[in-house]
Trainee: 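Structure below; questions to follow.
Each chain gets a letter, A, B and so on, in the order its sequence line appears, and its residues count up from 1. For the numbers below, each heavy atom of this structure counts, side chains included, while hydrogens, waters and symmetry mates do not.
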Amino acid sequence: MADSGFFREVWDIVARVPAGKVVSYGQIAARLGSPRAARTVGWAMATAPRRLGLPCHRVVTSSGRLVPGWETQRDELEAEGVTFKSNGCVDMAKHQWDGKRVGKAGRGPANRLKAKAGAGMRGS
DNA sequence: ATACTGACTGTGC
DNA sequence: CGCACAGCCAGTA
């Protein structure tokens with residue numbers, strides 16, 4: 001894989017996400033070795049050719065929020081058995097794809113991940 | 001080769 | 001609790 005690079009891997013991972021599960025952009029990026037490349041991952045989805053049949057509706061943000069401007073996405077996930085919270089967010093704590101690594105569920109605000117403190121230190 | 005964009009993320013206030 | 005700012009990676013123009 002990786003014949004083309006990052007994108008190919010992103011699509012590959014997304015295509016491997018089982019129904020009823022969701023994965024966050026950051027999780028995919030981290031899987032590729034670049035936890036900060038979440039944007040690139042989202043971009044890969046945005047430019048992902050539909051002919052690939054990518055279940056982009058299974059990709060959500062770290063907050064469990066669905067893609068902004070997407071109305072059918074929630075319906076698609078529900079059809080797969082994904083449950084939602086009252087606020088309209090996916091119950092990622094329950095459906096976030098383990099990514100073949102069980103025990104990693106809840107990597108984000110939901111878990112108060114305080115890794116690397118100098119991550120977004122805006123000190124310009 | 002350079003610049004810009006893009007469906008994110010984590011902190012800061 | 002909500003809004004804003006800055007950093008990151010890769011592909012297209």
Side-chain angles (χ1 to χ4, degrees):
Chain A
M1 319 274 237
D3 46 272
S4 266
F6 208 89
F7 281 39
R8 188 51 202 265
E9 297 198 57
V10 174
W11 301 334
D12 185 52
I13 291 172
V14 175
R16 280 168 205 202
V17 177
K21 292 271 177 175
V22 293
V23 57
S24 61
Y25 297 94
Q27 193 175 347
I28 298 171
R31 223 175 180 301
L32 298 177
S34 299
R36 306 290 149 119
R39 292 182 71 171
T40 311
V41 174
W43 185 40
M45 297 272 105
T47 62
R50 300 160 83 325
R51 65 182 131 100
L52 290 179
L54 291 176
C56 29
H57 58 268
R58 285 182 199 153
V59 185
V60 299
T61 66
S62 66
S63 303
R65 218 149 133 171
L66 303 178
V67 175
W70 205 323
E71 304 162 12
T72 56
Q73 184 176 18
R74 185 178 142 164
D75 189 58
E76 295 292 296
L77 292 170
E78 286 187 309
E80 296 189 335
V82 177
T83 54
F84 285 74
K85 296 189 168 185
S86 337
N87 59 341
C89 291
V90 181
D91 192 352
M92 12 124 49
K94 237 171 87 125
H95 296 287
Q96 184 166 33
W97 186 38
D98 42 75
K100 289 184 193 131
R101 308 174 186 181
V102 187
K104 248 344 200 163
R107 68 160 294 295
N111 221 28
R112 230 59 196 244
L113 189 67
K114 49 136 88 264
K116 70 284 292 315
M121 253 208 212
R122 58 183 150 116
S124 170

Trainee: Mind checking salt bridge (charged side-chain N to carboxylate O under 4.0 Å, His left out) for A:Glu76 and listing every partner two or more places apart, or none if nothing turns up?
Mentor: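 So A:Glu76 forms no salt bridge (charged side-chain N to carboxylate O under 4.0 Å, His left out) with any residue.
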Trainee: If I take atom OG1 from residue A:Thr47 and atom CH2 from residue A:Trp11, how far apart are they, to the nearest 0.5 angstrom?
Mentor: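 Result: 5.5 Å between the selected atoms.
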Trainee: Figure out the CD/C1' separation between A:Glu9 and C:dC9, and round it to whole Å.
Mentor: 13 Å
Trainee: Going by an N to O cut-off under 4.0 Å, is there a salt bridge joining A:Asp12 and A:Arg8?
Mentor: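 Judged by the 4.0 Å cut-off on N to carboxylate O distance, A:Asp12 and A:Arg8 do not form a salt bridge.
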Trainee: Using whole Å, what does the distance between atom P of nucleotide C:dG11 and atom CG of A:Leu32 come to?
Mentor: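 Checked: the CG to P distance equals 12 Å.
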Trainee: A:Ile28 CD1 to B:dC8 P: how many Å, rounded?
Mentor: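 My rounded result for the distance is 12 Å.
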Trainee: Name the residue from A:Val67, A:Val10, A:Thr40 that meets the side-chain contact (heavy atoms from CB on, under 4.5 Å) definition with A:Tyr25.
Mentor: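 That would be A:Val67.
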Trainee: How long is the span from the CH2 atom in A:Trp97 to the CD1 atom in A:Ile13, to the nearest 0.5 Å?
Mentor: 6.5 Å
Trainee: Kindly express the pairing pattern of DNA chain B in dot-bracket notation, using | wherever a base pairs with another strand and counting only Watson-Crick or G-U pairs under 3.5 Å.
Mentor: .|||||.||||||
Trainee: Got a second to check how far A:Met92's CE is from A:Thr61's OG1, nearest 0.5 Å?
Mentor: 7.5 Å
Trainee: Kindly give the atom pairs (protein nitrogen or oxygen, nucleotide nitrogen or oxygen) under 3.5 Å for nucleotides 3-6 of chain B.
Mentor:
from, atom 1, to, atom 2, distance (Å)
B:dG6, N7, A:Arg39, NH2, 3.1

Trainee: Of the candidate nucleotides C:dC9, B:dT9, C:dC8, which contains the atom at the shortest distance from the side chain of A:Arg36?
Mentor: C:dC8
Trainee: Please pick, from B:dT9, B:dA7, C:dG11, the nucleotide with the shortest atom-to-atom distance to any side-chain atom of A:Phe7.
Mentor: C:dG11
Trainee: Let me know the distance between CZ of A:Phe6 and P of C:dG11, rounded to the nearest Å.
Mentor: 9 Å
Trainee: Taking OH from A:Tyr25 and P from B:dG10, how many angstroms apart are they, rounded to a whole number?
Mentor: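 It works out to 14 Å between those atoms.
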Trainee: Is a donor on one side and an acceptor on the other found under 3.5 Å between the side chain of A:His57 and the backbone of A:Leu77?
Mentor: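 Judged by distance alone, no pair lies under 3.5 Å.
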Trainee: Can you tell me how far apart CD (A:Gln96) and OG (A:Ser62) are? Round to the nearest 0.5 Å.
Mentor: 8.5 Å
